[in-house]
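Naming convention: chains lettered A, B, ... in sequence-line order (proteins, then strands); numbering from 1 in each chain.
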There are 2 protein chains.
Amino acid sequence: MSLPSDIAFILDPARPVLTHARSMQAETGVLPHAHPRGQLLWAKQGVLRVTSEQAVWVVPSTHGVWIPGNCNHQVSCETLVETRNLYIDPTYPVRDQDTQVVMVAMTALMREIVLRLNDSPKCSGDASTARLGLVAIDELNSLSAADLSLPAGTDPRLRRIISHMVSHPDTRHILGELASLAGASVRTLERLFKSETGLTFRQWRTRFKLMNALEALDRGESSTAVAYTVGYKSTSSFVAAFKAEFGYTPQVHARRL
Amino acid sequence: MSLPSDIAFILDPARPVLTHARSMQAETGVLPHAHPRGQLLWAKQGVLRVTSEQAVWVVPSTHGVWIPGNCNHQVSCETLVETRNLYIDPTYPVRDQDTQVVMVAMTALMREIVLRLNDSPKCSGDASTARLGLVAIDELNSLSAADLSLPAGTDPRLRRIISHMVSHPDTRHILGELASLAGASVRTLERLFKSETGLTFRQWRTRFKLMNALEALDRGESSTAVAYTVGYKSTSSFVAAFKAEFGYTPQVHARRL
DNA sequence: CAATAAATAGCGATAATGCGACAATGTCGC
DNA sequence: GCGACATTGTCGCATTATCGCTATTTATTG
């Protein structure tokens with residue numbers, strides 16, 4: 001864990017939208033801190049764990065996290081991660097409805113905008129980059145809070161289990177086996193999942209798998225491949241679970257991209 | 001073929017950027033016409049054939065076509081096609097360097113912008129759509145012309161063949177021989193070339209040779225030498241192919257440098 | 001157009017889970 | 001030492017997601 005040494009640049013008042021890209025190793029992170037600028041935190045690669053005062057989320061690359069200005073937050077990496085951030089000047093009206101940290105679903109447009117802004121030379125004060133920044137703010141405002149978030153909890157036993165699952169996404173995890181790993185009984189873990197994340201273990205596991213599935217589908221993998229890489233033993237059960245959650249089948253989703 | 005019945009809406013002077021989406025059957029098309037607005041013609045799905053007064057292009061979804069205002073053009077569909085167009089008010093400074101129809105390489109950002117603009121309700125005069133329109137114009141201006149593009153495709157079999165051709169540029173490649181290399185039938189490869197690159201195998205091969213030829217000519221080689229180094233067995237057939245593609249002979253091109 | 005592969009849907013069997021009830025143990029204040 | 005309260009584990013039973021399989025539909029290939 002490290003304190004961010006580069007908070008300073010966030011304060012540049014001349015530019016409404018700033019970017020920051022960084023590559024982070026697994027298990028590393030940034031200690032709790034806050035800054036006046038609002039921040040869109042996103043990893044184009046890897047899985048983040050974001051902790052606010054209210055909640056903790058596990059965040060794959062299909063999603064991002066909006067951190068309003070002056071909101072305390074902490075970030076750590078479940079895996080090797082490539083972050084691409086946006087920092088918005090507080091004088092701009094961004095997501096006024098959100099007073100707290102919130103997980104959002106990234107759109108394809110938002111992804112491309114963030115990538116482009118991060119690729120533009122830092123000091124580029126040119127007009128077209130500025131216009132793109134304005135659109136970034138528009139899009140940021142229209143991002144909807146994630147309908148499929150993955151709350152993480154703080155209990156050490158729970159964290160051990162979740163980090164184990166994140167690092168073995170292709171396995172079929174059984175609560176009984178995880179219990180010995182966590183040093184707690186199955187019943188206690190059931191209670192922990194419910195109280196800390198609001199979800200039962202099964203719900204949590206299903207969401208976890210389906211979020212991984214969304215990522216793989218975005219990359220263009222087949223339903224069969226996805227089913228196995230996210231830990232189902234048969235394609236049909238994956239398709240069934242997917243449809244039960246979203247209302248449409250995996251390939252219908254893929255075609256929408 | 002049909003005359004576009006909906007040119008009228010293109011004339012709306014109130015909006016700098018208009019959109020038009022349409023689904024077209026294979027073998028259908030639009031008769032030659034022109035309009036004051038500049039147009040970015042793009043198919044998110046399928047292969048277009050665009051004819052201007054200067055040239056004809058085959059356009060897969062990786063590319064688009066910029067049609068300056070009042071330029072005569074004609075469109076037909078090689079396959080089932082989903083077009084997503086942008087029409088830009090002529091008072092905006094868009095690609096002033098282009099006086100003629102030009103094929104451009106789409107960027108991921110441009111794709112998403114066009115899709116978003118097309119999805120926005122037609123009559124949405126809201127500010128954020130307007131800002132996105134401005135960015136569309138910026139991005140449009142920065143798209144690079146690709147008049148002799150060599151789209152590569154993503155299919156692994158296709159890639160194997162292309163990489164083989166690239167590493168043996170001086171050979172006369174026969175599809176039948178390449179087929180065994182790729183592990184697919186000749187018919188499948190024909191389909192792959194068409195669907196992934198928008199070109200038939202022969203078109204692709206010719207372009208490939210001619211691009212190599214341009215490079216060699218730039219180095220000052222003679223027509224005879226170039227003909228052999230890019231895989232033609234006679235100078236005359238090379239000169240003929242070159243003239244068919246560009247409209248002038250190799251040495252005329254060389255003298256222009 | 002026929003053959004093949006991939007995606008989806010259906011279904012019975014079953015192991016895994018959810019959860020209420022209750023007992024055991026730990027924590028805290030006094 | 002004792003009561004109040006929270007945490008944890010054990011047991012039983014109802015519920016269900018997933019498996020393993022087959023069938024059907026859809027897309028791709030020769």
Side-chain angles (χ1 to χ4, degrees), chain A residues 148 153-158 160-162 164-165 168-214 216-257, chain B residues 26 45-47 79-80 82 153-158 160-161 175-196 200-201:
Chain A
L148 202 64
T154 54
D155 183 280
R157 295 162 295 182
L158 203 57
R160 238 173 293 154
I161 288 182
I162 289 177
H164 180 260
M165 289 174 76
H168 301 88
D170 57 348
T171 315
R172 180 160 183 263
H173 297 284
I174 312 279
L175 199 50
E177 297 167 4
L178 295 169
S180 61
L181 195 107
S185 74
V186 171
R187 187 69 183 93
T188 298
L189 288 178
E190 287 171 2
R191 281 195 265 249
L192 275 176
F193 266 100
K194 192 76 194 190
S195 67
E196 298 249 324
T197 73
L199 305 175
T200 67
F201 169 68
R202 253 146 108 149
Q203 289 173 320
W204 198 96
R205 185 180 56 185
T206 300
R207 278 203 193 180
F208 173 65
K209 289 195 208 172
L210 290 182
M211 288 180 80
N212 288 333
L214 288 180
L217 285 171
D218 288 355
R219 285 196 304 269
E221 289 187 26
S222 71
S223 291
T224 310
V226 173
Y228 285 86
T229 56
V230 304
Y232 286 90
K233 296 246 163 110
S234 81
T235 314
S236 58
S237 50
F238 163 60
V239 175
F242 192 99
K243 195 175 176 194
E245 178 74 41
F246 298 109
Y248 41 80
T249 62
Q251 290 308 311
V252 168
H253 169 84
R255 254 171 265 141
R256 287 197 193 175
L257 297 176
Chain B
Q45 178 92 201
V47 179
T79 66
L80 174 65
E82 287 289 334
T154 54
D155 184 279
R157 295 161 296 183
L158 199 59
R160 235 172 296 153
I161 287 183
L175 196 50
E177 298 166 4
L178 295 169
S180 61
L181 194 105
S185 74
V186 171
R187 186 72 186 90
T188 298
L189 288 177
E190 286 170 0
R191 277 195 266 252
L192 276 176
F193 265 99
K194 193 75 193 189
S195 66
E196 298 248 326
T200 66
F201 170 69

Below the 4.0 Å mark, does dA6(C) have OP1 or OP2 next to a side-chain nitrogen or oxygen of Thr235(A)?
no
It should be established whether Lys194(A) places a side-chain nitrogen or oxygen under 4.0 Å from OP1 or OP2 of nucleotide dG18(C).
no
What is the distance from CD of Glu245(A) to P of dT16(D), rounded to the nearest Å?
16 Å
If you only use heavy atoms from C-beta on, which nucleotide in dA9(C), dC19(C), dA17(D) is closest to the side chain of Arg202(A)?
dA17(D)
Can you establish whether the number of heavy atoms outside Glu82(B) located under 6.0 Å from its atom CD is more than 12?
yes
List the steps and the verdict of side chain to side chain contact (heavy atoms under 4.5 Å, CB included) for Arg191(A) and Arg187(A).
CA-CA 6 Å; Arg191(A) 281 195 265 249; Arg187(A) 187 69 183 93; 3.4 Å; yes
Leu210(A) vs Phe246(A), test: side chain to side chain contact (heavy atoms under 4.5 Å, CB included). Steps then yes/no.
CA-CA 10 Å; Leu210(A) 290 182; Phe246(A) 298 109; 4.2 Å; yes
Run the side chain to side chain contact (heavy atoms under 4.5 Å, CB included) check on Tyr248(A) and His253(A) step by step: do they pass?
CA-CA 7 Å; Tyr248(A) 41 80; His253(A) 169 84; 3.7 Å; yes
Map Arg172(A) and Leu189(A) onto DNA chain D by nearest heavy atom, then report which one ends up closer to the 5' terminus.
Leu189(A)
Length of the line joining Tyr228(A):OH and dA6(C):C1', which is rounded to integer Å
13 Å
Atom pair distance, as rounded to whole Å: NE2 in His253(A) and P in dT8(C):
12 Å
Whole angstroms only, please: what is the CZ-C1' distance between Phe201(A) and dT15(D)?
17 Å
Within the distance-only criterion (no hydrogens, no angle test), does the side chain of Arg172(A) pair as donor or acceptor with the backbone N or O of Lys233(A) below 3.5 angstrom?
no
Take the angle between the ring planes of Trp204(A) and Phe208(A) and call it parallel below 30°, perpendicular above 60°, tilted in between.
parallel
For DNA chain C, whose closest nucleotide is more 5', that of Leu175(A) or that of Arg187(A)?
Leu175(A)
Of all the choices, dT17(C), dA9(C), dA7(C), which nucleotide is nearest to the side chain of Thr224(A) once you look at every atom?
dA7(C)
Which part of the nucleic acid does Ala240(A) contact within heavy-atom distance under 4.0 Å: base, sugar-phosphate only, or nothing?
nothing
Rounded to whole angstrom units, what separation is found between the CG atom of Leu178(A) and the P atom of dG18(C)?
12 Å
Would you say dC19(D) has OP1 or OP2 under 4.0 Å from some side-chain N or O of Tyr232(A)?
no
Using a heavy-atom cut-off of under 4.0 Å over every strand shown, decide if Gln251(A) touches base, sugar-phosphate, or nothing.
sugar-phosphate
Backbone N or O of Ala182(A) within a donor-acceptor pair of the Arg157(A) side chain at under 3.5 Å?
no
So if I take every side-chain heavy atom of Ser237(A) and compare against dG20(C), dA9(C), dC19(D), which nucleotide ends up nearest?
dC19(D)
Could you check how far CZ of Arg205(A) sits from P of dT18(D), rounded to whole Å?
6 Å
Which one, dT17(C), dA9(C), dC19(D), comes nearest to the side chain of Lys233(A)?
dC19(D)
Assign each of Glu177(A) and Glu190(A) the nucleotide of DNA chain C bearing its closest heavy atom; nearer the 5' end lies the nucleotide of Glu177(A)
Taking N or O atoms only and anything under 3.5 Å, show me the protein contacts with nucleotides 22-29 of chain D, one pair per line.
from: dT29(D); atom 1: OP1; to: Arg157(B); atom 2: NH2; distance (Å): 3.1

Give a yes/no on whether any side-chain N or O of Ser234(A) is located under 4.0 angstrom from OP1 or OP2 of dG20(D).
no
Starting at CG of Leu192(B), measure out to CG of Leu158(B) and round the result to the nearest 0.5 Å.
5.5 Å
